[in-house]
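The shown structure was predicted, so the numbers you read here are calculated from the model rather than taken from an experiment.
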Amino acid sequence: MTSQELQQLDQAYIAHTYARFSLCVDRGQGATCWSPEGKRYIDFSSGIGVNSLGFCDADWVRAVSEQAGKLQHISNLYYTEPCARLAEMLCARTGMKKVFFCNSGAEANEGAIKTARKYSFDKYGAGRSEIIALHNSFHGRTMATLSATGQAVYHNFFFPFVEDYRFVASGDLEELKGAVSGRTCAVMMELIQGEGGVIAQDAAYVQAVAALCAERDLLLIVDEVQTGIGRTGRLLACEHYGIQPDVVTIAKGIGGGLPLGAVLFGEKAQDVLGCGHHGTTFGGNPVACAGGQVVLRKLDEAMLSQVREKAAYLWEKAAALPRVAAVTGLGLMVGIEAAGKSAKDVAADAIEHGLIVLTAKDKVRLLPPLTISYEELDQGLAALEKALQ
């Protein structure tokens, strides 16, 4: 099928919920992909942070293929080894105690929200259900996670929202302290606000929030859907901040390309959800979990060190490009502020020059595969330079 035929088919039968760029992708390898006509593109997006090992990593393909040929699904009414093994690996690597598997970041955040409210209900009774979140945050597009998202642009059309969310300015500790009341059960935050413009939180602020939550017995929920699984050069971004949250949500990169999310529970929260309190048909799917094990095994300290080195290289080169007014983020989660040119125009021009990038508000957003080669980085940066000009 040609690109034109594919676009016509899509327009005829797919709901128009995405402002697609004029790019059709047929196959990929590493950080490179090709259109049906054979045009080559360097991918600085990882499918919005999903393809942590790049396109079609051989070990990942082998693991998911073998598992698909053995057992593709059975449901959570029964035990499967890939699910249990991946949970064990996640707890061992993160210091968390228990795992609930789901299929996406929004689902993981839904599970975290339910956990916070039940923890408080079990201990303090009804009426202590308010969750404090941050302005400029993004936690998902389901009704509960959209309600927890501190950006009005996502709220239009969908009123009324789920109750008991309160928003405070990111980085303003005094406002947060003033917002905490006898009705508060949790604080929910991203350590780097991705959709909000790739803005990293201040370490002292994050540590103070963690201390406040411990003091007031509020669950600290950290949304690591985009920042987790090596994206910042550590397995979790929490490691950069020196905190151990009560609940961490992950998704995107853990599946390596298949739908997989998880809620990680710390000691306080590990036994909050019991039988019948939460569930999902596909959570812990054997094929997705087989792929997740490959991702975690490959993300050892040697590879994480390489991610940090590549990030330093990318930041240095990106800062020197024309029109670049600022570089923000952490690790291989990079925001570029382009002077005199909109992020959307840069992204469109990048495709013309053989590069896939993302946007986040007024910034160009880069989320290259963690395995990207220096050659691919250089080729992508050269295309980005042309797009910026």
Side-chain angles (χ1 to χ4, degrees), residues 30-32 42-55 57 59-60 89-90 92-96 190-194 197-204 206-207 222-245 248 250-256 264 292 294-321 324 326-337 357-358 360 363-381 384:
T32 304
I42 301 297
D43 182 21
F44 273 15
S45 75
S46 301
I48 317 183
V50 169
N51 296 334
S52 47
L53 303 180
F55 293 110
D57 174 84
D59 296 321
W60 182 88
M89 294 170 72
L90 282 167
R93 292 286 298 274
T94 64
M96 304 299 275
E190 303 158 281
L191 299 179
I192 305 171
Q193 294 186 324
V198 199
I199 302 170
Q201 303 283 0
D202 175 73
V206 171
Q207 291 166 6
V222 173
D223 177 345
E224 292 237 26
V225 169
Q226 194 166 149
T227 59
I229 313 303
R231 176 55 54 187
T232 65
R234 302 288 181 189
L235 189 65
L236 295 178
C238 295
E239 297 173 44
H240 293 283
Y241 289 84
I243 61 167
Q244 187 75 6
V248 175
I250 60 172
K252 292 189 181 289
I254 183 61
L264 310 182
V294 175
V295 171
L296 278 190
R297 280 196 295 268
K298 292 208 165 192
L299 277 178
D300 58 13
E301 185 49 44
M303 182 175 170
L304 290 170
S305 178
Q306 291 174 15
V307 170
R308 296 192 293 272
E309 291 170 4
K310 289 172 185 176
Y313 181 85
L314 176 57
W315 279 62
E316 179 184 358
K317 297 293 184 181
L321 292 176
V324 172
V327 181
T328 63
L330 186 64
L332 287 179
M333 184 173 177
V334 180
I336 293 176
E337 183 180 334
V357 299
L358 301 163
K363 290 178 183 167
V364 177
R365 179 171 39 154
L366 311 181
L367 300 171
L370 307 182
T371 54
I372 191 169
S373 68
Y374 282 96
E375 181 181 10
E376 288 168 320
L377 277 172
D378 286 339
Q379 291 169 353
L381 285 162
L384 180 59

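Looking at heavy atoms from C-beta onward, R231 lies out of side-chain contact with I192 at the 4.5 angstrom threshold. Counting heavy atoms from C-beta on, the side chains of V334 and V198 never come closer than 4.5 Å. Within the 4.5 Å cutoff, the side chain of I250 has heavy atoms near those of the L236 side chain. Looking only at side-chain heavy atoms (C-beta outward), V295 and M89 stay at 4.5 Å or farther from each other. Annotation: side chain of V206 is not in contact with side chain of V222 (no heavy-atom distance under 4.5 Å). Proximity of K252 to V50: side-chain heavy atoms (C-beta onward) are separated by under 4.5 Å at one or more points. Within the 4.5 Å cutoff, side-chain heavy atoms of L366 are placed close to those of L314.
Side chain of R93 to main chain of L296: a donor-acceptor pair is present (N/O by atom type, distance under 3.5 Å, no hydrogens or angles). A donor-acceptor contact shorter than 3.5 Å links the side chain of W60 to the backbone of G255.
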Would you give me the side-chain donor-acceptor pairs under 3.5 Å for residues 302-312, sequence neighbours excluded?
unit_1, atom_1, unit_2, atom_2, d
R308, NH1, G233, O, 2.7
R308, NH1, E301, OE2, 3.4
R308, NH2, E301, OE2, 2.7
K310, NZ, I372, O, 2.6

Q. Between L377 and F44, is a side chain to side chain contact (heavy atoms under 4.5 Å, CB included) present by the stated rule, with each step listed?
A. CA-CA 8 Å; L377 277 172; F44 273 15; 4.1 Å; yes
Q) So Y241 and Q201, side chain to side chain contact (heavy atoms under 4.5 Å, CB included) or not? Walk me through it. A) CA-CA 9 Å; Y241 289 84; Q201 303 283 0; 4.1 Å; yes
Q) When you look at V248 and T94, which way does the side chain to side chain contact (heavy atoms under 4.5 Å, CB included) test go after all the steps? A) CA-CA 10 Å; V248 175; T94 64; over 6 Å; no
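Distance check, rounded to the nearest 0.5 Å: CZ of R234 to CG of L330 gives 10.0 Å. Distance CZ/R365 to CD1/I48: 6.5 Å, rounded to 0.5 Å. In this structure, L332 CG and W315 CH2 are separated by 10.0 Å, a value rounded to the nearest 0.5 Å. Annotation: the span from T232 atom OG1 to L191 atom CG amounts to 8.5 Å, rounded to 0.5 Å.
Screening L299, V225, L90 against I254 for a side-chain contact (heavy atoms from CB on, under 4.5 Å) leaves a single residue, L90.
The two residues P368 and S46 come nearest to each other via the heavy atoms C-OG, 3.0 Å. Residue S52 comes nearest to G253 through the heavy atom pair OG-O, 2.8 Å, listed as atom of the first residue, atom of the second, then distance. Annotation for A200 and G329: closest pair CB-O, 4.0 Å, computed over non-hydrogen atoms. When all heavy atoms of F55 and T32 are compared, the pair lying nearest together is CD1-O, 3.4 Å. Heavy atoms only, all atoms of each residue included: E376 and I42 are closest at O-CG2, 3.5 Å. Nearest heavy-atom pair across L367 and G49 is CD1-N, 3.8 Å.
For the residue pair E190/T227, the side-chain donor-acceptor check at 3.5 Å is not satisfied.
For R297 and D59, the salt-bridge test fails: no basic side-chain N is under 4.0 Å from an acidic carboxylate O.
No more than 12 heavy-atom neighbours from other residues, nucleotides or ligands sit within 6.0 angstrom of NZ on K317. For Q207, the CD atom counts as densely surrounded, since its 6.0 Å shell holds more than 12 non-hydrogen atoms of other residues, nucleotides or ligands.
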